[in-house]
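The next block holds one structure in the form of structure tokens; read it before the comments.
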Amino acid sequence: MNVFIFIEARPVECTGIPFVRQRGMSPILFTSLHNRNPNLLLDLDLDLFDNVYYFEDLNRGSILSLIQEKQMIVSGIIGCFDDVMILTSEVANELELPHPSLKGLKNVYSKKNTRDTLKSRGIIQPMYQEFSLSRPPSAPFVHYPFVLKPIRDAGAYGVHLCKNKNEYFQTLNQIKESSKLSMLGSEYDNFIIEEFLIGEFYGVEIIYNLGEWYIAGVNKIFVSENNSLCMEGVSQPADLSEDDYRMIHHHIYCWVEALELKGGALNIEFILTDKGPVLVEVNLRVAGARAAKQVYMTSGIEIIYHLINFLCGDEVAISTKQKSDFKYVADLLIFSDEYECITTIDICTESSYYIESEFKKLPINIGSQQRNFGTIIGHVLACGDSCEDAMANAKEISKTIHINKIS
């Protein structure tokens with residue numbers, strides 16, 4: 001039987017495993033998470049895979065050697081974290097399989113390189129400054145407030161907001177005293193300071209289909225009133241005018257063309273400022289959490305299905321006439337900031353707006369805050385008559401959550 005290889009895995013990509021089997025392929029996982037970040041393995045159902053191969057370090061040579069040793073006939077290969085996307089495409093290229101453009105991936109892998117490239121094309125960029133942790137600038141030329149984050153990692157991982165000089169130096173000390181490790185265990189060295197952008201926060205899910213990018217969904221990202229870097233949830237689709245959608249689509253196509261991105265799927269985040277959309281992040285894979293599920297629920301478009309088809313070289317056109325179940329779907333993150341052990345979680349599901357909820361496996365032991373926005377313990381999906389209404393309904397449902405904990 002031909003195999004379909006996952007280089008690392010997240011729950012969102014694993015939703016495509018039934019389709020992999022439907023296509024007559026055996027799903028196989030190559031992972032080094034047990035060595036680099038074993039907590040990420042806790043979110044995975046490893047029984048979904050026919051085989052799981054553990055590596056001390058994932059690299060092109062070791063992957064290709066194992067494929068040859070096991071005489072695997074590989075029909076497709078997917079990377080599931082930004083850190084492994086270049087590696088995955090290099091392996092796919094060796095196997096003569098479809099993959100995202102290596103040139104585009106390398107262009108975007110550094111946030112500074114992304115900014116430099118877009119700036120050279122005359123595309124508006126926030127003020128930014130790169131630095132090494134061993135030689136941080138004592139007086140950054142980017143004005144306060146600014147965002148300080150690793151040159152390379154995904155989303156809100158390791159991101160800090162510095163409102164003044166004292167907070168800047170406190171952040172530097174905090175980073176130096178911490179392990180300075182990325183999500184997949186690589187040590188940070190280079191960071192970037194970026195001007196803090198004012199405006200509404202949005203995300204875009206796009207998939208490469210039949211030689212061009214297709215924008216599958218534009219969602220609104222909700223952030224905390226007390227910490228604008230703390231994402232509280234996502235509502236799909238965003239309530240935007242037709243003119244705004246056309247403007248946003250134009251900018252998205254300009255960004256991916258300038259960065260020479262082709263193939264696969266992308267999650268792009270931007271701020272809609274008074275000067276128009278300004279890029280925040282390009283994540284080199286589908287969004288985490290339930291963004292792909294929200295797109296399917298509101299449009300009928302199965303992003304993972306089309307991504308697997310692309311990677312297997314067997315694409316079908318994306319239809320705009322798929323059945324959708326809901327007009328708007330919000331995904332509210334539920335998190336705890338306290339040091340505690342959660343023993344039980346109950347939620348009332350009687351609301352007509354309730355779709356589903358899910359929580360981490362109990363008991364949940366909270367030892368410290370994760371990333372910048374507390375510790376996520378679950379989520380609630382709710383529907384509504386607008387983007388804002390769906391999120392408001394999810395928040396109302398969340399008020400019915402009852403948590404028992406041991407302090």
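- With hydrogens and angles ignored, the 3.5 Å screen pairs a side-chain donor or acceptor of S235 with a backbone N or O of C387.
- Going from atom CG of L261 over to atom CG of L284 covers 7.0 Å, rounded to the nearest 0.5 Å.
- Between the OH atom in Y214 and the CD1 atom in I303 there is a gap of 10.0 Å [rounded to 0.5 Å].
- No donor-acceptor pair closer than 3.5 Å links the side chain of S89 to the backbone N or O of I86.
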- Message: As a quick check of understanding, evaluate side chain to side chain contact (heavy atoms under 4.5 Å, CB included) for F81 and L40, giving each step before the final call.
- Response: CA-CA 11 Å; F81 289 94; L40 292 175; 3.9 Å; yes

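- No hydrogens or angles considered: nothing links the side chains of N219 and Q294 as a donor-acceptor pair under 3.5 Å.
- Side-chain contact, Y168 with N173: no donor N or O sits under 3.5 Å from an acceptor N or O.
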- Task: Evaluate the criterion salt bridge (charged side-chain N to carboxylate O under 4.0 Å, His left out) for residue pair K111 and E130; output intermediate values, then yes/no.
- Result: CA-CA 9 Å; K111 290 181 173 69; E130 181 188 17; over 6 Å; no

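- The aromatic rings of H249 and Y253 stand perpendicular to each other, their planes meeting at an angle above 60°, with 30° marking the opposite boundary.
- Of the possible polar contacts, none joining the N2 side chain to the S75 backbone as a donor-acceptor pair under 3.5 Å is found.
- Between F196 and F146, the ring centre distance reaches or exceeds 6.0 Å.
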- Item | Steps toward salt bridge (charged side-chain N to carboxylate O under 4.0 Å, His left out) verdict (E260, K106) | CA-CA 10 Å; E260 300 182 77; K106 291 175 180 178; over 6 Å; no

- Start with the C-alpha distance between K119 and D116, add both sets of side-chain angles, then the distance that settles salt bridge (charged side-chain N to carboxylate O under 4.0 Å, His left out), and finish with yes or no. CA-CA 5 Å; K119 185 177 179 180; D116 288 346; over 6 Å; no

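- The aromatic ring centres of F6 and F4 sit less than 6.0 Å apart.
- Within 6.0 Å of atom OH in Y296, 12 or fewer heavy atoms from other residues, nucleotides or ligands are found, so the atom counts as exposed in its surroundings.
- One N or O on the side chain of E167 and one on the backbone of K163 form a donor-acceptor pair closer than 3.5 Å.
- Side-chain atoms of E195 do not come within 3.5 Å of backbone N or O of P126 as any donor-acceptor pair.
- To the nearest 0.5 Å, atoms OG (S110) and CZ (R152) are separated by 8.0 Å.
- The distance from atom CZ of F19 to atom CE of M25, rounded to the nearest 0.5 Å, is 7.0 Å.
- Counting heavy atoms from C-beta outward, I345 and H402 have side chains that stay 4.5 Å or more apart.
- Formation of a donor-acceptor pair under 3.5 Å by the N37 side chain with backbone atoms of L33 is not found in this model.
- Between the side chains of Y54 and N35, no donor N or O sits under 3.5 Å from an acceptor N or O.
- Side-chain atoms of N93 and H99, non-hydrogen and from C-beta on, do get closer than 4.5 Å to each other.
- Taken to the nearest 0.5 Å, the NZ atom of K293 stands 12.5 Å off from the OG1 atom of T298.
- Remark: the backbone N or O of R285 is not paired with any side-chain donor or acceptor of N283 at under 3.5 angstrom.
- A donor-acceptor contact shorter than 3.5 Å is absent between the side chain of R60 and the backbone of V91.
- Within the 4.5 Å cutoff, the side chain of Y245 has heavy atoms near those of the V218 side chain.
- Side chains of I67 and F30 form a contact here, defined as non-hydrogen atoms less than 4.5 Å apart.
- Contact annotation: the side chain of Y354 never approaches that of L381 to less than 4.5 Å [non-hydrogen atoms, C-beta and beyond].
- Residues L272 and H251 are not in side-chain contact: their nearest non-hydrogen atoms beyond the backbone lie 4.5 Å or more apart.
- Under the 6.0 Å distance and 45° angle rule, K220 counts as a cation-pi partner of F222.
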- Message: Pair R10, D43 - check salt bridge (charged side-chain N to carboxylate O under 4.0 Å, His left out), show working.
- Response: CA-CA 8 Å; R10 301 179 302 161; D43 294 332; over 6 Å; no

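- Judged by distance alone, the side chains of R23 and N309 do bring a donor and an acceptor atom under 3.5 Å apart.
- Within a 6.0 Å sphere centred on OH of Y353, other residues, nucleotides and ligands contribute 12 heavy atoms or fewer.
- Nearest heavy-atom pair, V295 versus E205, reported as atom, atom and distance to 0.1 Å: CG2-CG, 4.1 Å.
- Considering every non-hydrogen atom in both E315 and Y208, the closest pair reads OE1-O, 3.5 Å.
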- Does the pair N107 and T117 meet the rule for a side chain to side chain donor-acceptor pair (under 3.5 Å), with working shown? CA-CA 8 Å; N107 280 343; T117 301; 5.4 Å; no

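- I206 is listed as a side-chain neighbour of V256, based on a closest heavy-atom distance under 4.5 Å.
- A distance-only check finds no donor-acceptor pair linking the side chain of E56 to the backbone of S32 [under 3.5 Å].
- Distance alone, capped at 3.5 Å, places no donor-acceptor pair between the S357 side chain and the V380 backbone.
- Between E358 and R290 there is no salt bridge, since none of the side-chain N atoms of the basic residue sits less than 4.0 Å from a carboxylate O of the acidic one.
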- Task: Give the intermediate values and the outcome of side chain to side chain contact (heavy atoms under 4.5 Å, CB included) for residues I268 and Y202.
- Result: CA-CA 8 Å; I268 296 175; Y202 295 92; over 6 Å; no

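- You'll find the side chain of L307 reaches within 4.5 Å of the side chain of I78, heavy atoms only.
- For the atom pair CD1 of I198 and OG1 of T273, the computed distance is 10.0 Å after rounding to the nearest 0.5 Å.
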